Amino acid sequence: MAIAALLPVLAYRIAGWIVRIWSKQLWDYGPAQDAWSAYQLVIGRTPYPDFRNPPYFPNNRPPVSLYLASVVSKIFERTPMGTLEAGRLVTICATMGVCGFIFLLARRHNASYGAALLGAFMFALSPLLEPFGFEFRTDMLALAFELAALYLFSRAVEWGAVAAFSAAFFTKQNQIAGIAAVALFCWLGAKPRRAVKLVAVWLLSVLFGVFALQLIFPYYLLNCFGGLSGWYDAAAPLEFLWLTGEYNFAIFALAAVGLVRALRGKELSACFFLTALSQDLISCLRWGSNVYYYLPVLAAAAILAAEAVDLLLRYPREKLDKCLAATALTLALFFQLRVSDVPRTQFGLKYVVSSLADLSRGSLPCCFARRAPAWDPEALRRLSQLRGTIATDDPYLLLEPEPDNRQIMFLEFYLLSPLHAHKLFDDRPLLREIAERKIAAFVLERAIRYRNHDLWWPELRRTMAANYHMIRGIGPPYIMIPDTAPSNGNRQ
């Protein structure tokens, strides 16, 4: 009954993901940057530049997702936006793959077909997948590789599992919960040699891959490891864990029941939940982390929840009791959807009509969402008149078509600021360009302070104030032009 009730909602969600492939809106900060990096492969440039020199664009994404997006982009336009659309398609396929492996892993742990399918449904309907189930990011693809590896290991295809674990690492470099779960499972099963062998082979494959990539791309290590933020936020792990639990309480409530059973049997699903939770808590310490870092622990919880569903429906002996249990489970999942408002479940004719209209426009609501900014038309008009090098902190501009006599220089202050604080980024070439007023304009979209850290360091702030001024009365985006440039606006 729960599956039948959730099928229309699931179909609605998947349709929403598909129509958003071609949307010009952005639901997160990073996809435009990932699309730009993948686009460099499309046009034959390196995706890993020396960001210590112009254009100061660190790319800390490993190559797997970027290469996949660049290959798939052949069926889209040969533009940065076309690469973003290709990346969204890759992410949707990865999300469907994750759901499939949740089903298969739940079945491997003796869940019934219905319970395993419900576990996959619960993950697919999680509010966390809006927008991270369709927007171009590395996280879902890395999780798909990791779950594929766990499934291969459960079928005793160990070398295939090691290869998939390596693919997960080269999709997102902190994705190690899967191999850690396998090692823990082998250790608890009194097979320490097997654990050491698998981890050693995986580590050798990772070291070989990193060495090969460094030979191909001389600045690979600088970008993927040296370019990571050196600031930490001690409050972030628990804050994001609370949000994940709040928006997915039905999954975690069932997972708690399944975890008790799995721990008693020292099952692989329990090991993966524990290692994923540890990995995600540590990863979220990094400044710049977000709630989607908990996708692995959510997938692990969905596998355990499927096992708990069987217990819930198997325990009642009377048919009426089973119906009541199934009804309670269905209502709990619908209540979760209603609380998150993704999608809204106040069914009625008006809701259906408005939802179909939203669906046709690709403008469905997202729970954890950042839409493309509502820009001031006058600011856009001024921006269209600018020529030369335009520096911006908004990656959305990377997706816009540019005339031949204008170049966009994206400044990723989220990464440059902590690197500068740790003496890993030499800002003198950038400050020299600003002092000589070689940059035609700065186009700014966000505040220059984020999570208790200034994104502009003092030298940059002083040099900007001495050489550029902001056009008053327009924005966002907010445009700063050189003091020597003609301006119809007033200085502020």
Side-chain angles (χ1 to χ4, degrees), residues 2 98-99 101-129 143 146-147 149-151 153-154 175-191 195 237-238 240-284 291-316 325-326 328-330 332-333 335-336:
V98 167
C99 294
F101 284 116
I102 288 173
F103 170 81
L104 292 174
L105 285 166
R107 286 287 298 148
R108 292 294 298 171
H109 292 91
N110 301 317
S112 64
Y113 280 101
L117 195 59
L118 193 56
F121 277 25
M122 285 190 284
F123 181 84
L125 293 173
S126 167
L128 197 58
L129 269 61
L143 180 58
E146 197 161 55
L147 293 184
L150 289 173
Y151 178 70
F153 175 78
S154 72
Q175 201 82 11
I176 60 173
I179 188 67
V182 165
L184 178 61
F185 175 75
C186 293
W187 201 277
L188 292 176
K191 297 179 180 178
L238 293 181
F240 293 141
L241 180 61
W242 175 264
L243 276 175
T244 305
E246 179 184 1
Y247 280 89
N248 300 279
F249 63 87
I251 298 176
F252 282 101
L254 290 167
V257 178
L259 181 62
V260 173
R261 177 191 176 189
L263 284 173
R264 289 174 182 170
K266 299 178 182 179
E267 295 179 4
L268 181 60
S269 57
C271 295
F272 180 53
F273 181 86
L274 295 176
T275 56
L277 181 60
S278 302
Q279 169 194 274
D280 298 346
L281 284 169
I282 294 171
S283 298
C284 280
V291 67
Y292 56 81
Y293 276 46
Y294 282 101
L295 282 171
V297 80
L298 181 64
I303 297 169
L304 292 169
E307 301 179 43
V309 168
D310 262 345
L311 291 175
L312 179 65
L313 298 182
R314 219 179 270 166
Y315 180 73
L329 178 61
T330 306
L333 292 173
F335 183 65
Q336 173 177 292

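Just so we're clear, the structure is a prediction, and the values are computed from it rather than from any experiment.
The minimum heavy-atom distance between A302 and I251, with the atom names listed, is N-CG2, 3.9 Å. Residues E146 and G178 share a closest heavy-atom pair of OE2-N, 2.7 Å. Shortest non-hydrogen contact noted between C284 and P237 is CB-CA, 3.7 Å. Scanning all heavy atoms of the two residues, the minimum distance from Q279 to A177 falls at OE1-N, 2.8 Å. Across all non-hydrogen atoms, the minimal contact from S269 to H109 is N-NE2, 3.4 Å. When every heavy atom of M122 is checked against every heavy atom of A306, the shortest pair comes out as CE-N, 4.5 Å.
Taking 4.5 Å as the limit, every side-chain heavy atom of L281 sits out of range of all side-chain heavy atoms of V297. Side-chain contact between D280 and L295: absent, with no pair of heavy atoms (C-beta onward) separated by less than 4.5 Å. Considering only heavy atoms from C-beta on, K266 stays 4.5 Å or farther from F185 through its side chain. Looking at heavy atoms from C-beta onward, L104 lies out of side-chain contact with L147 at the 4.5 angstrom threshold. Side-chain contact between L304 and L254 is absent, with no heavy-atom pair separated by less than 4.5 Å. Using a 4.5 Å cut-off on side-chain heavy atoms (C-beta onward), I303 and F101 make no contact. The closest side-chain heavy-atom distance from F240 to S283 is not below 4.5 Å.
Each of V291, N248, L128 was checked for a side-chain contact (heavy atoms from CB on, under 4.5 Å) with L243, and the lone residue meeting it is V291.
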Problem set entry | Chi angles and distances behind the side chain to side chain contact (heavy atoms under 4.5 Å, CB included) call for V182, F272 | CA-CA 8 Å; V182 165; F272 180 53; over 6 Å; no

Exercise. When you look at C186 and F153, which way does the side chain to side chain contact (heavy atoms under 4.5 Å, CB included) test go after all the steps?
Worked result: CA-CA 11 Å; C186 293; F153 175 78; 3.8 Å; yes

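In this structure a side-chain-to-backbone donor-acceptor pair under 3.5 Å is missing from E307 to N110.
Take Y292 and apply the ring pair (Phe, Tyr, Trp, His ring centres under 6.0 Å) test, not counting sequence neighbours, and it matches F132. Every residue meeting the side-chain contact (heavy atoms from CB on, under 4.5 Å) condition with L117, not counting sequence neighbours, appears here in chain and number order: I3, F103, F121. Applying the side chain to side chain donor-acceptor pair (under 3.5 Å) criterion to Y294, with sequence neighbours excluded, gives no partner residue.
In this structure, CG on L298 lies 4.5 Å from OG on S126, to the nearest 0.5 angstrom. For the atom pair OG1 (T244) and CG (L277), the distance works out to 10.5 Å, reported to the nearest 0.5 Å. L263 contributes atom CG, which lies 9.5 Å from atom CG of L188 (distance to the nearest 0.5 angstrom).
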